[in-house]
Number of protein chains: 2
Amino acid sequence: MGITKSQIFTSRQNELAQLFKILGHPARIAILQYISKQDSCICNDLVEEIGLAQATISQHLKELKTIGLLKGEIEGKKMCYCLDVDQWNSIQKELNTFFNTTKINCCS
Amino acid sequence: MGITKSQIFTSRQNELAQLFKILGHPARIAILQYISKQDSCICNDLVEEIGLAQATISQHLKELKTIGLLKGEIEGKKMCYCLDVDQWNSIQKELNTFFNTTKINCCS
DNA sequence: ATTTATTATCGTAATATTGCAATATTATAA
DNA sequence: TTATAATATTGCAATATTACGATAATAAAT
């Protein structure tokens with residue numbers, strides 16, 4: 001029926017999947033990469049740089065905010081979107097924990 | 001229009017997003033975790049353990065195979081699904097590279 | 001050969017995601 | 001106050017994903 005049956009999984013499994021899912025779009029990867037190498041990180045720059053409509057970029061930014069990867073500060077009539085480095089490190093750590101605790105293989 | 005515009009991104013961005021995307025479902029997380037802690041890793045066990053229909057589990061296993069995380073060996077009329085540890089490590093490394101090269105922040 | 005057990009595939013319904021135009025909101029500039 | 005500029009939100013169309021029943025395919029057992 002197309003709906004993910006979240007209720008049959010643990011909250012940790014759902015949260016982990018949520019992190020992976022939000023990172024699972026090339027536009028969001030591109031946004032993160034662009035922000036990380038710029039001195040300024042204005043939404044309008046992203047529209048030109050990435051080539052998606054302003055509404056679409058805004059939506060992707062919103063999703064990245066839901067997992068705390070980005071924080072936006074108002075600078076006059078512009079927005080400065082920044083990586084939240086603490087959250088970034090924390091997510092990297094969480095994903096590594098998943099990889100390290102899951103790699104034991106039954107057939108090797 | 002709802003279709004991801006893959007053509008405007010680099011192949012590296014698309015590949016990275018693809019990895020994240022496939023890991024971005026709780027059923028696939030659960031499958032990986034279950035396989036990693038069992039002595040045997042039979043598809044039918046997963047159906048009972050996870051509580052999704054057999055067709056659905058089979059589909060998720062197929063997706064995990066597309067990024068090489070799982071390999072399946074035929075054992076009589078059963079299938080033994082195993083983690084490909086090399087690929088597992090390789091993907092972990094790739095994701096860490098992404099995290100390490102992207103964390104520089106413009107506003108901090 | 002027939003049955004049984006296991007997994008894969010097909011078809012389809014329900015829901016989610018992606019993308020954009022139009023519009024709303026917010027803040028500066030004139 | 002009225003533009004102007006930047007970003008957010010809404011509404012909608014197109015496509016993708018998720019899930020499952022039905023069925024096919026495969027291999028062992030009888």
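Just so it is clear: chains get the letters A, B, ... in the order the sequence lines come, proteins before strands, and each one is counted from 1.
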Colleague: How close or far is atom C1' of dT17(D) from atom CD of Glu63(B), stated in whole angstroms?
Modeller: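 Rounded to whole Å, this separation is 8 Å.
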Colleague: To the nearest Å, how far apart are Leu61(B) CG and dT6(C) C1'?
Modeller: 13 Å
Colleague: Roughly how many Å is it from CD1 in Ile74(A) to P in dT25(C), rounded to a whole number?
Modeller: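 The distance from CD1 of Ile74(A) to P of dT25(C) comes to 16 Å, rounded to the nearest Å.
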Colleague: Show me, pair by pair, the donor-acceptor contacts under 3.5 angstrom made by side chains of residues 48-56 of chain A, not counting sequence neighbours?
Modeller:
none

Colleague: Determine: side-chain N/O of His25(B) to OP1/OP2 of dA16(D), distance under 4.0 Å, yes or no.
Modeller: no
Colleague: Rounded to whole angstrom units, what separation is found between the CG atom of Leu64(B) and the P atom of dT18(D)?
Modeller: 11 Å
Colleague: Would you kindly give the CE-to-P distance between Met79(A) and dT28(C), to the nearest whole Å?
Modeller: 13 Å
Colleague: Examine dA5(D): is either OP1 or OP2 under 4.0 Å from a nitrogen or oxygen in the side chain of Asn44(A)? Give yes or no.
Modeller: no
Colleague: Taking only N and O in the side chain of Lys78(B), is any of them less than 4.0 Å away from OP1 or OP2 of dT26(D)?
Modeller: no
Colleague: Could you give the CD1-to-P distance, from Ile50(B) to dC20(D), as a whole number of Å?
Modeller: 12 Å
Colleague: Does dT7(C) have OP1 or OP2 sitting under 4.0 Å from an N or O in the side chain of Lys62(B)?
Modeller: no
Colleague: Who are the salt bridge (Lys or Arg N to Asp or Glu O under 4.0 Å) partners of Glu94(A), not counting sequence neighbours?
Modeller: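 Glu94(A): salt bridge (Lys or Arg N to Asp or Glu O under 4.0 Å) contacts with Arg12(A).
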Colleague: Can you tell me if Thr97(B) uses its side chain to pair, donor with acceptor, with the backbone of Lys93(B) under 3.5 Å?
Modeller: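 Judged by distance alone, yes, a pair lies under 3.5 Å.
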Colleague: In whole angstrom, give the distance that lies between atom CD1 of Ile42(A) and atom P of dT28(C).
Modeller: 14 Å
Colleague: Can you give the donor-acceptor pairs under 3.5 Å from side chains of residues 58-68 of chain A to other protein atoms, not counting sequence neighbours?
Modeller:
unit_1	atom_1	unit_2	atom_2	d
His60(A)	ND1	Arg28(A)	NH1	2.9
Glu63(A)	OE2	Arg28(A)	NH1	3.1
Lys65(A)	NZ	Tyr81(A)	OH	3.2
Thr66(A)	OG1	Glu63(A)	O	2.6

Colleague: Does Ile74(A), at its CD1 atom, have more than 12 non-hydrogen atoms belonging to other residues, nucleotides or ligands within less than 6.0 Å?
Modeller: no
Colleague: Quick one: His60(B) NE2 to dT9(C) P, roughly how many Å, whole number?
Modeller: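 Interatomic distance, NE2 of His60(B) to P of dT9(C): 15 Å.
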Colleague: To the closest 0.5 Å, what do you measure between CZ (Phe98(B)) and CD (Gln13(B))?
Modeller: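 Atom-to-atom, Phe98(B):CZ and Gln13(B):CD are 9.0 Å apart.
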Colleague: Decide yes or no on side-chain hydrogen bond (donor to acceptor under 3.5 Å, both in side chains) for Lys103(B) and Asn89(A), but give the supporting numbers first.
Modeller: CA-CA 8 Å; Lys103(B) 78 169 68 172; Asn89(A) 289 334; 2.8 Å; yes
Colleague: With sequence neighbours excluded, what pairs up with Phe99(B) under the ring-ring contact (aromatic ring centres under 6.0 Å, His included) test?
Modeller: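 In terms of ring-ring contact (aromatic ring centres under 6.0 Å, His included), with neighbours along the sequence ignored, Phe99(B) is linked to Trp88(A).
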Colleague: Listed in order of residue number, which residues of residues 52-59 of chain B have a non-hydrogen atom at under 4.0 Å from DNA chain D?
Modeller: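 Heavy-atom contacts with DNA chain D come from Leu52(B), Ala53(B), Ala55(B), Thr56(B), Gln59(B).
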Colleague: On the nucleotide dT6(C), are OP1 or OP2 found under 4.0 Å from the side-chain N or O atoms that Tyr81(B) carries?
Modeller: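 No, no such contact exists.
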Colleague: Where along residues 5-15 of chain B does a heavy atom come under 4.0 Å from DNA chain D, residue by residue in number order?
Modeller: none
Colleague: Lys77(A) or Lys21(A): which one's nearest nucleotide on DNA chain C is closer to the 5' end?
Modeller: Lys21(A)
Colleague: Does a donor on one side chain and an acceptor on the other come within less than 3.5 Å for Gln92(B) and Asn96(A)?
Modeller: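 Yes, because at least one side-chain N or O of Gln92(B) sits under 3.5 Å from a partner of the opposite role on Asn96(A).
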